[in-house]
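Remarks on the structure that follows.
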Amino acid sequence: MILFAQSHFSLLTSVLSPLEICRAAKRHGYESVCLLDHNNLCAMPELIRFSNQNHLQPLIGAWLNDGFDQTAAIVISPIGFQNLCSMLSAIHCQPHFRMREQAHLMADLIFITDHSATALFLQDANLPVYWALHLPCKVPPIEITKKNIPLFAMHLANIFSDEDHTTRILMNSIRKNELISERDLTRSRKIYDQEEYAEQFAPFPDALEHHRKLQLQIQYRHSPTTIFPSYPAPQGLTPFSYLQQITYDGAYRRYGNITDTIKERLDYELNIINSKNFTCYFLLVREIIQNASRTCGRGSGSGSIVSYCLFITNVDPIRHHLLFERFLSPDRIDYPDLDIDFAWDERDYILEFVRQRFGTENCAMVCNHIRFQPKMALRATAKAYGFSDDFIKTYSKDMRELLTKSGITTSTLEEKKRMVLKNALKLIGHPRHLSLHCGGIVITPTPVRHYAPLQNSSKGLPIMQWEKDGVEEMGLVKIDLLGNRSLAVIRDAIANCKENGHTIDYTKIDPATDPETIEMLAKGDTIGVFYIESPAMRMLQKRTRKGDFDHIVIHSSIIRPASHTSIRQYTQRVLGTPWKPLHPLYEKITSDAYGVMVYEDHILSVAHQLAFFTYREANQLRKALSREDTQMLDILKKKFYKGIAKYEYESSLR
């Protein structure tokens, strides 16, 4: 049977997360899960991920409401998925859109509705439609019976148990901007096991039969394939031959003389880029940066000599021993993105250039799912309980401390305040609304609405309903176009120098070898220097008395939450304290950081060389660590230990 539910992405309507829904489905013996969130597919990446982890079949669908017609729509083919994304985009982005006027967008979808007018329209349009029977079961309207529209047992869960009903009342009050009322009439529907489900719908056996058959009828499995942007190469050239040409042109500018080592690295990267269909992506990014006064490429793309020779990045990966596999490898199935900084006051211009150059319909921004944090949860809950703004402002600081400290007693609070605190805690982590990602943009070969549902941001820009991780999981490759104030300062400083008769070629200077610069950094005199001006950075530079480029990179990488032990070990070793090598090969891999694992490249190399991970598996480990994905870490931990044991055994035989 199918577990139908709405997740908490039906904003302030459901208390259920996609993970919790999938775990409940597995626990209750369901074979499939279908989320029917209100006018969105926000939960789709998580649904697919967690369904696969729990060996469930995910059915892709949504609850559509254009203000006139309301119906569940479930995908049965790739065309159906494209149509569903297009309809959702139109509902959000076209104020006068009506589904019944765009019946061509309803192909390859199955509809389940409890609205008579919608059901009759769908039947007249020869579209597959069922009448949704909800609990408590009621005889369908006479017009539905007369038209022989088949019945369907539809229980759309939005809570785990009756205890969650209070949270739903609070959510509904916040959504409607009303005071909380225990007489709230919104319908809460808890998850039933299969036996309870069948028992509840026993008076309508045909509705249950249609429910069971639907699972067998829908064979569609959404398998995301990577969607690359297209790029028109100059006449007479293919995109790849053009990329080869301009990369080698850039290599001569960067190096002057192309050695065998440089050529080998260039050809190696170009062949992988071509085999992974990444050619047009590089060409597109290069054109974007050429339309800005000053850029800085960073992130894993700095490990690519192709990026360096296209002037996307300014770090020589050969000189600094950077792994291209950190960015792209032959067996990697997920795709990275390039992070490009622009002067902050040029970013809007760059975004508009991209939209005009590659097509407004073919470009969309990535979204952020803004979730309730303690402060937001407290204010929203207190307002729903009728506390004044003055009260919230006066008491919110103390109550926020209570919210963020586990195990603290609330017995000293009066009853109403205690109720606010208790219920505010239940909101934390649930989505509140969508916002615009700081720079992620996706460019597709045909309109983005064919691949993802869109809606408009507050600035009027089209945004996808998925965050950056979801975008990646759904096969879309993003580019991060980010604003940076320091680049504007550098741009303006160079312009001022030129006005005073001093021309500086930014691409040919090498401050990393300037003794005065190194001395200044070693003293921690870096206030106003982007990325290395924090108190922690300046303190570490003073302690180690190091200001050269290699040490500055270590410092900016090692300062992270909960990294005190690593920083202490590193500082002691820089100052000459001897240490016992953990393992000869490990020591070789981390020798650039005094035997301390600092970089993500270290993770990749240790997993690849010491534990026999493929680069794809090593990258999975890197992601699992950064996302604190405990389930994946448990799997990879066993594989890592097994690989280490194999390495030690084979070493003993040598």
Side-chain angles (χ1 to χ4, degrees), residues 254 296-305 307-308 313-327 339 341 484 486-487 489-490 506-606 609 622 625-626:
R254 286 291 199 186
C296 176
R298 54 186 173 84
S300 63
S302 297
S304 167
I305 194 173
S307 295
Y308 181 60
T313 61
N314 289 307
V315 177
D316 183 352
I318 293 181
R319 175 182 173 185
H320 296 288
H321 312 290
L322 300 179
L323 284 174
F324 177 64
E325 289 79 10
R326 165 72 177 83
F327 178 73
D339 298 339
D341 285 333
N484 185 304
S486 295
L487 285 177
V489 172
I490 293 170
Y506 189 68
T507 64
K508 292 184 178 179
I509 62 174
D510 187 9
T513 60
D514 178 59
E516 292 183 7
T517 301
I518 293 172
E519 182 182 359
M520 181 188 74
L521 297 178
K523 294 177 180 177
D525 295 336
T526 56
I527 291 179
V529 182
F530 175 66
Y531 212 69
I532 58 172
E533 64 177 337
S534 70
M537 274 295 301
R538 289 186 280 117
M539 181 66 71
L540 189 53
Q541 285 154 223
K542 290 178 182 178
R543 284 180 178 175
T544 58
R545 300 189 289 276
K546 296 291 184 180
D548 60 279
F549 180 81
D550 291 335
H551 283 89
I552 290 296
V553 173
I554 294 173
H555 298 174
S556 65
S557 301
I558 201 172
I559 295 176
R560 292 290 184 271
S563 61
H564 303 296
T565 301
S566 297
I567 292 173
R568 185 170 60 253
Q569 288 178 342
Y570 163 75
T571 303
Q572 291 170 347
R573 293 175 184 184
V574 170
L575 296 176
T577 302
W579 72 92
K580 182 179 179 181
L582 185 64
H583 185 279
L585 182 53
Y586 172 87
E587 209 65 20
K588 180 181 178 181
I589 292 169
T590 59
S591 61
D592 58 346
Y594 299 84
V596 180
M597 189 177 285
V598 173
Y599 306 125
E600 291 186 343
D601 290 41
H602 289 155
I603 297 172
L604 296 180
S605 296
V606 167
Q609 297 182 43
R622 177 191 66 81
L625 287 167
S626 64

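For this chain, numbers begin at 1 and follow the sequence in order.
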I need the minimum non-hydrogen distance between R254 and T313, along with the two atoms involved.
NH2-O, 2.9 Å
S563 side chain to I559 main-chain N or O, any donor-acceptor pair under 3.5 Å?
no
What distance separates M537 CE from K542 NZ, expressed to the nearest 0.5 Å?
12.5 Å
Partners of R622 by side-chain hydrogen bond (donor to acceptor under 3.5 Å, both in side chains), sequence neighbours excluded?
E600, N619
Going by atom types alone, do R298 and N314 pair a side-chain donor with an acceptor below 3.5 Å?
no
Under the rule for side-chain hydrogen bond (donor to acceptor under 3.5 Å, both in side chains), what residues qualify as partners of Q541, not counting sequence neighbours?
none
Calculate, to the nearest 0.5 Å, the distance between atoms OH and CD1 belonging to Y599 and I554 respectively.
4.0 Å
Nearest heavy-atom pair of Y570 and A593: which atoms, and what distance?
CD1-O, 4.2 Å
Nearest 0.5 Å, please: how far is CD1 in I305 from CD1 in I318?
3.5 Å
Test side-chain hydrogen bond (donor to acceptor under 3.5 Å, both in side chains) applied to Y308 - qualifying residues, sequence neighbours left out:
none
Would you find a donor on one side and an acceptor on the other, under 3.5 Å apart, between the side chain of R326 and the backbone of D601?
no
Quick check: does any side chain N or O of R560 sit under 3.5 Å from a backbone N or O of S556, one acting as donor and the other as acceptor?
yes
Could you tell me which non-hydrogen atom of S566 sits nearest to which non-hydrogen atom of I558, and how far apart they are?
O-CD1, 3.8 Å
Where is the tightest heavy-atom contact between G303 and L322, given as atom of each residue plus distance?
CA-CB, 3.8 Å
For the atom pair OG1 (T571) and CZ (R545), what is the distance rounded to the nearest 0.5 Å?
11.0 Å
Do L323 and S605 come close enough that some side-chain heavy atom pair is under 4.5 Å?
yes
dist Q572:CD -> T544:OG1 (nearest 0.5 Å) comes out at 13.0 Å
side-chain hydrogen bond (donor to acceptor under 3.5 Å, both in side chains) against Y594, all qualifying residues, sequence neighbours excluded:
H551
side-chain contact (heavy atoms from CB on, under 4.5 Å) involving V529 - partner list, sequence neighbours excluded
T526, I532
Does one side chain, of Y586 or H602, offer a donor that lies under 3.5 Å from an acceptor on the other?
no
Enter the distance from L604:CG to I589:CD1 here, rounded to the nearest 0.5 Å.
10.5 Å
Do the side chains of T590 and V598 get nearer than 4.5 Å, heavy atoms only?
no
side-chain contact (heavy atoms from CB on, under 4.5 Å) partner of F327, the single match among S302, P317, S300, S307
S300
Please find the pair of heavy atoms, one from P581 and one from E587, that lie closest to each other, and give the distance.
CA-OE1, 3.5 Å
List for me each residue that meets side-chain contact (heavy atoms from CB on, under 4.5 Å) alongside D550, sequence neighbours excluded, and say none if there are none.
H320, D548
Counting only heavy atoms not in M597, do more than 12 fall under 6.0 Å of its CE?
yes
